[in-house]
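Numbered from 1 within each chain, the chains take letters A, B, ... in sequence-line order. Note that the structure is predicted; figures quoted are calculated from it, not measured.
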Amino acid sequence: MPVAKPESSDSRIIAHIDMDCFYVQVEQRKHPNLRGLPTAVVQYNEWKGGALIAVSYEARKCGVKRSMRGDEAKEVCPEIQLVCVPVARGKADLNTYRNAGSEVVSVLAKKGRCERASIDEVYLDLTEAAETMLAQAPPENIEVVDAEAVKSHVLGLNDENGIDPKENVRKWLCRSHADRRDKLLACGALIVAELRMQVLMETEFTCSAGIAHNKILAKLASAMNKPAQQTVVPFSSVKGMLDSLPIKKMKQLGGKLGSSLQNDLGVSTVGDLLKFSEEKLQERYGINTGTWLWNIARGISGEEVQGRLLPKSHGSGKTFPGPRALKTIASVQHWLNELCEELSERLCSDLDKNKRIAHTLTLHARAYKSSDSDSQKNFPSKSCPLRYGSAKMQDDAFNLFQAGLREYLGSNNAKTQEGQNSGWGITGLSISASKIVSIPAGTCSITKYFHGQELPGSLSKESLKQDDFTLEAALSPSGSGSYLEMKLTDKLIECSGEDTEVKDEMPYIDQRENKNDFWKDQNSCCLSTKQAQDDPNGVTSLTSGTGCCVEMSPSQQQRVTLGEETSITYAKSNLKRLERKRNKLKDKGTYSILRFFKNNDEPSCSSRKHEHVENIDVKAPSSAADVPEESPLDEQRREAWSYNIDEIDPSVVEELPPEIQEEVRTWLRPHKRPNIVKRGSSICHYFLPTRNA
DNA sequence: ACGGGTTACACG
DNA sequence: TCGTGTAAC
């Protein structure tokens, strides 16, 4: 459960952007003839027409649900268009959707700190942008407020009889006498409307958004009016919204924890949670979850928007349901090979585009054992250091599997040797790569600050440290199996700005014009076509050849230095195209996201009580006293600095050079409290009370 | 014995 | 640290 540093004066402006039935939109962009038709994306249409993984809003109107199979959807909606997820290596291939998600991120990340929350969702911290707007061009001075912005839904804003709701919203957005927080929200709404328009123009995708003072409220709001609309949550309507919100609708409470709150505590709405003291909640659910619950009941959440544009891990997996369970070692090995190939390709792509290296390979499997005591034990997951190259990964994955299988079957069991089963079956296999670090790691912004723009050959090894990995360890053959065999020249490859992760998964700006050809050309996984053309010679091969290669040339270093300029050029031309497109849209009078929908239903803004939440007493995780040991590393740091991180006033960061503020802030973020509860009531297993009564 | 395939994170 | 489990899309 996320620990929050609840900000009592939380006047941040946070947006949550949620793509509308994303996979469907991706397919509709590819096949424009499907636009406006009831459409769903299915994977594997063999059995019962396949499983629906995304349903267009037109199809939802016909009663098509996500839980249906393709055949079922056809029954309730015979006109439905079913599009299959691409298949590669015998399994679903989600790359097109991942790349499309990256496109969206690269549009949104231009404004404010951006966190990629999932393949089709991001959070944005727009506090600064909103403050700037408020100071320089507040909505009250704008003659005509953006056409998209006035379509916002403002929670708690009552319709006035006979008045165009849009006019009402326009008035709200422009109120000059409003609470400062509301004014900032209004700015946020304008910014988000603009951003959504930009997403539409640059990607052809529509999205919905929530604008609020923290992440959880923004997330809640973005789902309230879909598709292609945005919802604002003024501070004053938070209580009204939460009081009647079913507990399971709250993020993180959709599962067992939410059920436990309902069944064990009789909580049915978030408002009902207010009846319980923080101590009571902690006692039952643990110290962190308890505090978190207490806070979200009041709409408080201090979680920050993490500036992370790229995933923290990659995985590839497949299930083998029922009769298709794998019964031989050979078939397991075959599928592991396929999975490893896909993973390897994606890792190479990540390395190539983002200069990141994964360090851990993990294998998960699901199995059943018909013979003995039924599947009490789950197949154990196993991990090992990750070696690049698909052959190596296949090797390692297979070894991990065998280790897991031995453990799973127990050494007592009859030997399974050479293939044929003895009562076991594998129903799911997946491998994943985690502990991904960028090169150069860690202190990028700070290194850059101290060294200026010049990328230093003399970069100290200290500064490259991140977690337990040094660049050295990562790149040089270590012990038995060498890691990535890469000869780094004396210079750093790349050191991008405040975010070390601004690089898109797909260099989409470059590829935008001929997006349709891009993947066809992309046969080799590690070298973008552009690079291949640019670097006909002087290329050093950096990895062993298992079909996956990494290449860097001396000239690449130059290009890296030029990188900024280059992308600015691209961005400029892109902006021009955008301008053109926008003008075109304006001329046609289609300056509206909703116009992209044939039959959008006119959404009604559910108006809420205009109630004030007074003097919310923010509870930070109670500090000091019972906080046990810290990690040695923290201790060291604190000793060296003679400061307790918890006691540093966060505002001092603002006095640091802007380039390094972001990074320092991450050091100052509050630590989670070890989940130690008073002896005796040690239980944070919410399901425990039910059993063993 | 599954909507499937991924991701992220808490806890021990 | 690693491994397991929950939750979400």
Side-chain angles (χ1 to χ4, degrees), chain A residues 1-3 18-19 21-23 40-44 47-55 65-73 85 87 91-95 97-98 101 115-121 219 223 248 250-260 285-289 292 303 306 308 310-325 339 342-343 346 360 362-364 366-370 374-375 377-384 400 404 407 425-436 467-468 631 672-677 682-687:
Chain A
M1 210 62 36
V3 108
D18 196 8
M19 305 308 294
C21 54
F22 188 50
Y23 289 17
V41 175
V42 297
Q43 56 191 10
Y44 306 129
W47 188 55
K48 299 188 176 184
L52 302 201
I53 58 176
V55 180
K65 299 275 178 58
R66 259 244 286 301
S67 58
M68 293 177 173
R69 316 251 358 153
D71 291 347
E72 219 177 333
V85 172
V87 171
K91 65 178 290 299
D93 178 5
L94 304 181
N95 271 322
Y97 312 114
R98 276 189 278 259
E115 173 182 338
R116 189 195 123 130
S118 81
I119 195 165
D120 68 344
E121 281 176 281
K219 163 89 185 172
K248 299 268 259 174
M250 182 65 83
K251 187 172 141 101
Q252 297 291 311
L253 301 183
K256 299 191 180 186
L257 180 51
S259 297
S260 167
Y285 297 114
I287 194 157
N288 290 312
T289 302
W292 180 82
E303 288 170 77
Q306 309 291 311
R308 185 178 50 76
L310 299 174
K312 291 176 142 181
S313 66
H314 300 287
S316 174
K318 178 166 177 60
T319 56
F320 308 94
R324 287 195 266 182
L339 298 177
E342 184 194 323
L343 184 59
R346 284 163 57 195
T360 303
T362 307
L363 175 130
H364 297 264
R366 289 182 59 112
Y368 71 79
K369 226 180 343 184
S370 59
D374 352 5
S375 47
K377 264 204 308 181
N378 275 338
F379 199 99
S381 70
K382 295 281 169 195
S383 56
C384 70
L400 291 177
E407 203 173 304
I426 300 298
T427 56
L429 280 177
S430 86
I431 49 162
S432 56
S434 58
K435 296 194 181 150
I436 304 181
D467 296 336
D468 290 331
S631 76
K672 197 149 303 188
R673 286 177 297 173
N675 195 11
I676 293 177
V677 194
S682 68
I683 304 311
C684 48
H685 289 228
Y686 12 93
F687 44 86

Does [X] have a side-chain nitrogen or oxygen under 4.0 Å from the phosphate oxygens OP1 or OP2 of [N]?
{"X": "A:Ser316", "N": "B:dG5", "result": "no"}
{"X": "A:Arg66", "N": "C:dC9", "result": "no"}
{"X": "A:Lys435", "N": "C:dC2", "result": "yes"}
{"X": "A:Tyr44", "N": "B:dG5", "result": "yes"}
{"X": "A:Lys312", "N": "B:dC9", "result": "yes"}
{"X": "A:Lys91", "N": "B:dT6", "result": "yes"}
{"X": "A:Ser434", "N": "B:dA8", "result": "no"}
{"X": "A:Ser383", "N": "C:dG3", "result": "yes"}
{"X": "A:Arg346", "N": "B:dG5", "result": "no"}
{"X": "A:Asn288", "N": "B:dC11", "result": "yes"}
{"X": "A:Arg308", "N": "B:dA8", "result": "yes"}
{"X": "A:Ser313", "N": "B:dA8", "result": "yes"}
{"X": "A:Lys369", "N": "B:dA1", "result": "no"}

Contact check, side chains of [X] and [Y], non-hydrogen atoms, under 4.5 Å:
{"X": "A:Ser316", "Y": "A:Lys91", "answer": "yes"}
{"X": "A:Thr289", "Y": "A:Gln252", "answer": "no"}
{"X": "A:Trp47", "Y": "A:Pro321", "answer": "no"}
{"X": "A:Glu72", "Y": "A:Leu52", "answer": "no"}

Rounding to an integer number of Å, can you tell me how far [X] [atom1] sits from [N] [atom2]?
{"X": "A:Phe22", "N": "C:dC9", "atom1": "CZ", "atom2": "C1'", "answer": "12 Å"}
{"X": "A:Lys251", "N": "C:dC9", "atom1": "NZ", "atom2": "C1'", "answer": "9 Å"}
{"X": "A:Gln252", "N": "B:dA10", "atom1": "CD", "atom2": "P", "answer": "9 Å"}
{"X": "A:Asp120", "N": "C:dA8", "atom1": "CG", "atom2": "C1'", "answer": "11 Å"}
{"X": "A:Glu303", "N": "B:dC9", "atom1": "CD", "atom2": "P", "answer": "10 Å"}
{"X": "A:Met250", "N": "C:dA8", "atom1": "CE", "atom2": "C1'", "answer": "15 Å"}
{"X": "A:Ile287", "N": "B:dA10", "atom1": "CD1", "atom2": "C1'", "answer": "14 Å"}
{"X": "A:Leu257", "N": "C:dG5", "atom1": "CG", "atom2": "P", "answer": "18 Å"}

Selection from [options] that lies nearest to any side-chain heavy atom of [X]:
{"X": "A:Ser381", "options": "B:dG3, C:dT4, C:dC9", "answer": "C:dT4"}
{"X": "A:Lys256", "options": "B:dG5, B:dT7, C:dA7", "answer": "C:dA7"}
{"X": "A:His364", "options": "B:dA1, B:dG5, C:dT4", "answer": "C:dT4"}
{"X": "A:Gln43", "options": "B:dG5, C:dG5, B:dT6", "answer": "B:dG5"}
{"X": "A:Asn378", "options": "B:dG5, C:dG3, C:dG5", "answer": "C:dG5"}

> Within a radius of less than 6.0 Å around CZ of A:Arg69, do more than 12 heavy atoms belonging to other residues, nucleotides or ligands occur?
Replying inline: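 It does: A:Arg69 CZ has more than 12 such atoms within range.
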> Mapping A:Gly322 and A:Ala92 onto DNA chain B by nearest heavy atom, which one lands closer to the 5' end?
Replying inline: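 This one resolves to A:Gly322.
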> For A:Asp93 and A:Pro321, take the nucleotide of DNA chain B holding the closest heavy atom to each; which residue's nucleotide lies nearer the 5' end?
Replying inline: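 With A:Asp93 and A:Pro321 compared, the 5'-side residue is A:Pro321.
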> Distance between the C1' atoms of C:dT1 and B:dG5, in whole angstroms?
Replying inline: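 Taking atom C1' in both C:dT1 and B:dG5, they lie 27 Å apart.
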> On a whole-Å scale, what distance lies between the P atoms belonging to C:dA7 and B:dG3?
Replying inline: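 Looking at atom P only, C:dA7 and B:dG3 are 15 Å apart.
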>> Heavy atoms only, 4.0 Å cut-off, all strands: where does A:Leu94 land among base, sugar-phosphate and nothing?
In response: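 Sugar-phosphate only.
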>> Please classify the nucleic acid contact of A:Lys219 as base, sugar-phosphate, or nothing, using heavy-atom distances under 4.0 Å.
In response: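 Sugar-phosphate only.
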> Of A:Lys251, A:Lys219, A:Arg116, which meets salt bridge (Lys or Arg N to Asp or Glu O under 4.0 Å) against A:Glu121?
Replying inline: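 Considering A:Lys251, A:Lys219, A:Arg116, a salt bridge (Lys or Arg N to Asp or Glu O under 4.0 Å) with A:Glu121 is found only for A:Lys219.
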> Between CG of A:Leu429 and CZ of A:Phe379, what distance do you get to the nearest 0.5 Å?
Replying inline: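 Between A:Leu429 CG and A:Phe379 CZ, I get 8.0 Å after rounding to 0.5 Å.
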